[in-house]
Structure formats: structure tokens, C-alpha cells
Amino acid sequence: MIKEYYKECRNGDILEWREGFVAYSRIRASIFNIEHIWVHPTFRSEAYEPEFIKKALEKAKEIGCRYATFEVSLGQPKVFAQHRLLVELGFYPLASGKEKLIYERRV
């Protein structure tokens with residue numbers, strides 16, 4: 001049911017693996033927005049989040065997007081680790097709101 005929601009309402013999809021998923025939306029035809037990443041608790045000690053982001057970027061390229069964005073909540077406990085990871089993957093801070101920071105990179 002959630003996959004149908006992402007397709008109909010968010011113009012996106014959910015990429016699923018045994019270890020977790022990435023939910024994305026298409027803000028515009030050229031922008032691939034990574035909305036959620038979830039790693040199953042069994043696999044959290046391993047580095048699946050960077051692999052999931054890389055797979056999402058491959059999907060973005062496959063469907064013709066020029067940019068990928070990723071929104072980080074400034075109130076989350078791992079905000080600094082998330083920042084380092086995104087910068088290592090080629091993202092840069094683009095804009096900030098009251099409680100969030102948006103990162104972007106070219107696909």
C-alpha cells in the first residue's frame with residue numbers, strides 16, 4: 001500500500017532490499033528527492049546506509065534525473081555523522097530551514 005502512495009501522491013517509489021529501503025519522490029522531472037532511508041535493526045551495525053544512497057543515486061541516473069536531494073532533520077541524534085556521510089558521497093548543503101538542512105548533488 002505504501003508503494004502505491006509513493007507512486008500516486010509523491011511521484012516516486014520505494015527501493016526495497018532485505019536489509020531495508022529507500023523512499024524517494026520526484027520534485028520535478030530533474031530532481032530525485034531521497035525522503036527516507038531505513039535499515040533493518042539486524043543490519044544497522046553494518047554500513048548499509050551509504051550503499052542504499054549509492055543505489056538510490058543509480059536509480060536517479062537511470063530515470064534521467066540531473067540532481068539528487070536529501071533532507072536532514074537538525075534535531076536527530078546522528079546529524080553530524082549524516083553530514084559527514086553525505087559530504088563523502090558528493091552532496092553539499094544547499095539550503096536550511098528552521099529544523100532541517102537540504103543537501104544536493106549532481107547525479
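All residue numbers refer to positions in the sequence shown, counting from 1.
In plain terms, the two heavy atoms of Cys65 and Ala29 that are nearest each other are SG-O, 3.7 Å.
There is no side-chain donor-acceptor pair under 3.5 Å between Tyr24 and Glu35.
Ring geometry for Phe52 against Trp17 counts as parallel: the plane angle stays under 30°, on a 0 to 90° scale with 60° as the upper cut.
Electrostatic pairing of Glu51 and Lys54 counts as a salt bridge here, judged by a charged N lying under 4.0 Å from a carboxylate O.
For the atom pair CD1 of Ile37 and CZ of Phe21, the computed distance is 9.5 Å after rounding to the nearest 0.5 Å. The CD1 atom of Ile34 sits 8.0 Å away from the CG atom of Leu86 when rounded to the nearest 0.5 Å. Between Tyr67 atom OH and Leu57 atom CG the span is 14.0 Å, to the nearest 0.5 Å. Atom CZ of Phe91 is separated from atom CD1 of Ile53 by 6.0 Å, given to the nearest 0.5 angstrom. Atom CD of residue Glu4 and atom CG of residue Asp13 lie 9.5 Å apart, to the nearest 0.5 angstrom. The OG atom of Ser30 sits 9.5 Å away from the CZ atom of Arg106 when rounded to the nearest 0.5 Å.
Contact annotation: the side chain of Leu101 approaches that of Ser96 to within less than 4.5 Å [non-hydrogen atoms, C-beta and beyond]. Side chains of Lys55 and Val22 form no contact here, defined as non-hydrogen atoms less than 4.5 Å apart. Between Gln82 and Phe80 there is no side-chain heavy-atom pair separated by less than 4.5 Å.
In the displayed structure, Glu8 atom CD is contacted under 6.0 Å by at most 12 heavy atoms of other residues, nucleotides or ligands. For Arg44, the CZ atom sits in a packed shell: over 12 heavy atoms of surrounding residues, nucleotides or ligands are nearer than 6.0 Å. Around atom OH of Tyr92, more than 12 heavy atoms belonging to other residues, nucleotides or ligands sit under 6.0 Å away.
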Practice item. Please step through salt bridge (Lys or Arg N to Asp or Glu O under 4.0 Å) for the pair Glu62 and Lys59, ending with a clear verdict. Key: CA-CA 5 Å; Glu62 176 186 311; Lys59 180 67 173 182; 3.4 Å; yes

Point to revise | Evaluation steps, side-chain contact (heavy atoms from CB on, under 4.5 Å), between Phe43 and Arg18 | key: CA-CA 10 Å; Phe43 301 103; Arg18 179 176 67 106; 3.5 Å; yes

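With sequence neighbours excluded, the residues forming a ring pair (Phe, Tyr, Trp, His ring centres under 6.0 Å) with Tyr103 are His83, listed by chain and number.
At distances below 3.5 Å, not a single donor-acceptor pair connects side-chain atoms of Arg10 with backbone N or O atoms of Tyr5. For Lys3 (side chain) and Ile14 (main-chain N/O), a donor-acceptor pair under 3.5 Å exists by modelled atom type.
Following chains of ILVMFWY side-chain contacts shorter than 4.5 Å, one can reach Leu85 starting from Leu74, so the two form part of one hydrophobic cluster. No continuous path of ILVMFWY side-chain contacts below 4.5 Å connects Ile31 to Ile63, so the two sit in separate hydrophobic clusters. When the side chains of ILVMFWY residues are joined at heavy-atom separations under 4.5 Å, either directly or via intervening members, Phe70 and Tyr48 end up in a single hydrophobic cluster. Both Val39 and Leu89 are members of a single hydrophobic cluster when ILVMFWY side chains are connected at heavy-atom separations under 4.5 Å.
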